[in-house]
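All heavy atoms count here, side chains included; hydrogens, waters and symmetry mates do not. Sequence lines set the chain letters: A, B, ... in the order given, protein chains first and strands last, and positions in each chain run from 1.
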Amino acid sequence: MPELPEVETIRSSLEPLVVGRTVTTVEVRRGDLRRPLASDFASSLEGRSIRRARRRAKYLLLDLDDGMSWMLHMGMSGRFLHTPAGAGRAPEKHDHVLVHLSDGSRLVFNDPRRFGLMTVEDAASSSLLEGIGPEPLDERSFNGAYLAGLRARTTRALKDLLMDQRVVAGVGNIYANESLFLAGLRPRRRIARTSAAQCQTLAVAVRTVLGEAIEHRGSSISDFLDGVGRRGGYQWRRRVYDRKGEPCPVCAAAIKSVVVAQRASYYCPRCQR
DNA sequence: GTAAACCTGGCA
DNA sequence: TGCCAGGTTTAC
């Protein structure tokens, strides 16, 4: 579920509630996530205080006072919710890990599909982040020249590239579709057949779409919630994602759907070329 | 490259 | 009942 804007929204909602707090106890109710929790997961968190809440790609990183980081990925259906002290919340079916903090509040990792993962490790040397591409909001590393530079190396479709975490960090299916719409480029267009100017347009579109999605606190198309249980608002602003057959907001042509790189893709046949 | 795998829930 | 889902990895 969560792509870059959703993870960033979780991060910003939790930051004031967890930074400076110390982990008291960790309850693991189900440790068989996408990768099973390490046997020392609880002991590597207990007694540590949280120094900083960061994000890299779709990972939330809670930096600890011993140099390690609590790294979380939400997969498709993960939620990471903070519950204030005294607000009793009976554990729900898919509450897999409960982390109690020094102020009596707690963090709950809930994930029906269990595609998410959590580890405590040195983020700087973590294999999870190895090979992840540039952050799209950093225009020094992600820009038209960077995309244009890929043209000599691959013939892949634009949509396939945008969703590849080694090419650009944090873009998933919703925002790849929305970015291509804003850029006026079809999902199946080959990057080799994309001009330098179009690469520049696409880079700007990705940043624009992600920035707008962060402003609207992410997309709650079915069930995304931020760290304190609020829904996002970008689902009301999406132009093409999951709108097959509906009129294009620009030209009213019916939105089409095709599969690119195993994922449903949506585009306007008139606005996108 | 492409398909299938992981897992649960919602919807037609 | 079958298909689909915001993701990633692994195997032909």
Side-chain angles (χ1 to χ4, degrees), chain A residues 1-11 29-37 55-60 71-80 92-97 109-119 126-133 136 153-181 187-188 190-192 206 209-210 212-214 216-227 230-245 257-266:
Chain A
M1 160 193 14
E3 304 181 32
L4 186 156
E6 288 75 32
V7 179
E8 180 58 30
T9 300
I10 294 171
R11 188 205 68 74
R29 304 177 78 231
R30 265 201 93 143
D32 55 336
L33 306 180
R34 190 173 99 218
R35 288 160 45 157
L37 286 186
R55 180 194 56 74
R56 171 76 172 113
K58 297 173 189 171
Y59 288 90
L60 175 64
M71 305 176 60
L72 299 95
H73 193 292
M74 307 301 157
M76 290 280 262
S77 59
R79 283 179 180 169
F80 193 45
E92 292 178 11
K93 187 173 181 185
H94 301 293
D95 287 352
H96 303 313
V97 178
F109 184 77
N110 176 289
D111 185 7
R113 295 176 72 176
R114 305 206 308 284
F115 286 176
L117 68 83
M118 287 196 280
T119 68
S126 171
S127 62
L128 293 172
L129 300 183
E130 197 178 34
I132 299 267
R153 268 173 267 153
T154 181
T155 65
R156 292 163 68 193
L158 293 177
K159 171 106 179 326
D160 186 21
L161 287 169
L162 289 182
M163 303 230 325
D164 185 338
Q165 300 302 296
R166 295 168 302 182
V167 172
V168 54
V171 177
N173 206 18
I174 297 176
Y175 301 112
N177 280 296
E178 296 298 324
S179 299
L180 287 163
F181 175 77
R188 284 203 283 219
R190 305 279 171 166
I191 193 165
V206 169
V209 164
L210 293 174
E212 191 184 1
I214 290 169
H216 290 271
R217 310 187 58 78
S219 299
S220 294
I221 284 168
S222 61
D223 53 13
F224 166 71
L225 299 178
D226 72 7
R230 290 175 297 197
R231 288 170 58 81
Y234 193 79
Q235 66 277 16
W236 306 114
R237 301 193 65 99
R238 81 199 130 99
R239 316 283 196 215
V240 290
Y241 177 78
D242 204 20
R243 290 204 186 283
K244 180 182 181 180
S257 169
V258 290
V259 173
V260 181
Q262 274 81 282
R263 308 299 298 278
S265 305
Y266 305 88

- prompt: Whole-Å distance between C:dT9 C1' and A:Met163 CE?
  reply: 14 Å
query: Hey, is CZ on A:Arg156 packed in by over 12 heavy atoms from elsewhere, all under 6.0 Å?
result: yes
- prompt: Would you call A:Met74 and A:Arg79 a side-chain contact if the rule is heavy atoms closer than 4.5 Å?
  reply: no
Distance in angstrom units between A:Asp223 CG and C:dG7 P, rounded: 13 Å
- prompt: Does OP1 or OP2 of B:dT8 have a side-chain N or O of A:Arg114 closer than 4.0 Å?
  reply: yes
- request: Indicate yes or no: at least one non-hydrogen side-chain atom of A:Ile191 is less than 4.5 angstrom from one of A:Thr155.
  value: no
- prompt: According to the interplanar angle, ranging from 0 to 90°, do the rings of A:His73 and A:Tyr59 count as parallel (below 30°), tilted (30 to 60°) or perpendicular (above 60°)?
  reply: perpendicular
query: Which of these, A:Arg34, A:Arg30, A:Arg35, sits in a side chain to side chain donor-acceptor pair (under 3.5 Å) with A:Asp32?
result: A:Arg30
field: Euclidean distance, atom CZ of residue A:Arg190 to atom P of B:dG1 [Å, nearest integer]
entry: 8 Å
field: Value in whole Å for how far the P atom of B:dC7 lies from CG of A:Asp111
entry: 12 Å
- prompt: Reckon A:Ser220 touches a base, only the sugar-phosphate, or nothing at all at heavy-atom distances under 4.0 Å?
  reply: base
- request: Report yes or no: is there a donor-acceptor pair, N or O only, under 3.5 Å between the side chain of A:Gln262 and the base of B:dA4?
  value: no
Atom CZ of A:Arg231: over 12 foreign heavy atoms under 6.0 Å: yes
- prompt: Looking across every strand, which nucleic acid part, if any, lies under 4.0 Å from A:Asp242 by heavy atom: base, sugar-phosphate, or nothing?
  reply: nothing
- request: Could you tell me whether the phosphate oxygens of C:dT8, OP1 or OP2, come under 4.0 Å of any side-chain nitrogen or oxygen in A:His73?
  value: yes
message: For a quick test of reading the model, state the closest non-hydrogen atom pair linking A:Leu162 to A:Val206 and the distance between them.
response: CD2-CG2, 4.0 Å
task: Taking atom P in both B:dC7 and C:dA11, compute the distance separating them and give it to the nearest angstrom.
output: 15 Å
task: May I ask you to say what A:Ser77 touches in the nucleic acid, namely base, sugar-phosphate or nothing, with a heavy-atom cut-off under 4.0 Å?
output: nothing
task: Could you state the atom-to-atom distance from CZ of A:Phe224 to C1' of C:dA5 in whole Å?
output: 16 Å
task: Fill in the dot-bracket string of DNA chain C, one character per base: . for unpaired, | for a pair to another strand, ( ) or [ ] for pairs within the strand, taking Watson-Crick or G-U pairs under 3.5 Å.
output: |||||.||||||
query: Taking the side chain of A:Tyr241 as its heavy atoms from C-beta onward, which of C:dA5, C:dG7, B:dT8 lies nearest to it?
result: C:dA5
query: Are OP1 or OP2 of C:dG7 and a side-chain N or O of A:Arg263 less than 4.0 angstrom apart?
result: yes
query: Among B:dA3, B:dG1, C:dT8, which nucleotide sits nearest the side chain of A:Gln165?
result: C:dT8
- prompt: Among residues 168-177 of chain A, which contact DNA chain C at a heavy-atom distance under 4.0 Å?
  reply: A:Gly172, A:Asn173, A:Ile174
query: Can you check whether A:Tyr234 and A:Phe224 have ring centres sitting under 6.0 Å from each other?
result: no
- prompt: So, is A:Lys93 close to the B:dT8 phosphate, meaning a side-chain N or O under 4.0 Å from OP1 or OP2?
  reply: no
task: Take atom CD of A:Glu130 and atom P of C:dT9, then tell me their distance rounded to the nearest Å.
output: 12 Å
- request: For the pair A:Gln235 (side chain) and A:Ser220 (backbone), establish whether a donor and an acceptor sit closer than 3.5 Å, ignoring hydrogens and angles.
  value: yes
field: Out of B:dT8, B:dG1, C:dT8, whichever nucleotide has its closest atom nearest the side chain of A:His94
entry: B:dT8
Spacing between A:Arg34 atom CZ and B:dT8 atom P, to the nearest angstrom: 16 Å
message: Checking contacts here: which listed nucleotide (B:dC6, C:dA5, B:dT8) is nearest the side-chain heavy atoms of A:Phe115?
response: B:dC6
- prompt: Distance between the P atoms of C:dC3 and B:dA3, in whole angstroms?
  reply: 15 Å
- prompt: Do A:Asn173 and A:Lys159 have side-chain atoms, one donor and one acceptor, less than 3.5 Å apart?
  reply: yes
field: Between A:Glu6 and A:Tyr175: side-chain donor-acceptor atoms closer than 3.5 Å
entry: yes
task: Please determine, for the side chain of A:Ala264, which listed nucleotide (C:dT8, B:dT8, C:dA5) has the closest atom?
output: C:dA5
field: Candidates C:dA5, C:dG7, B:dA3 - which lies nearest the side chain of A:Tyr266
entry: C:dA5
field: A:Lys244 NZ to C:dA5 P, straight-line distance once rounded to whole Å
entry: 10 Å
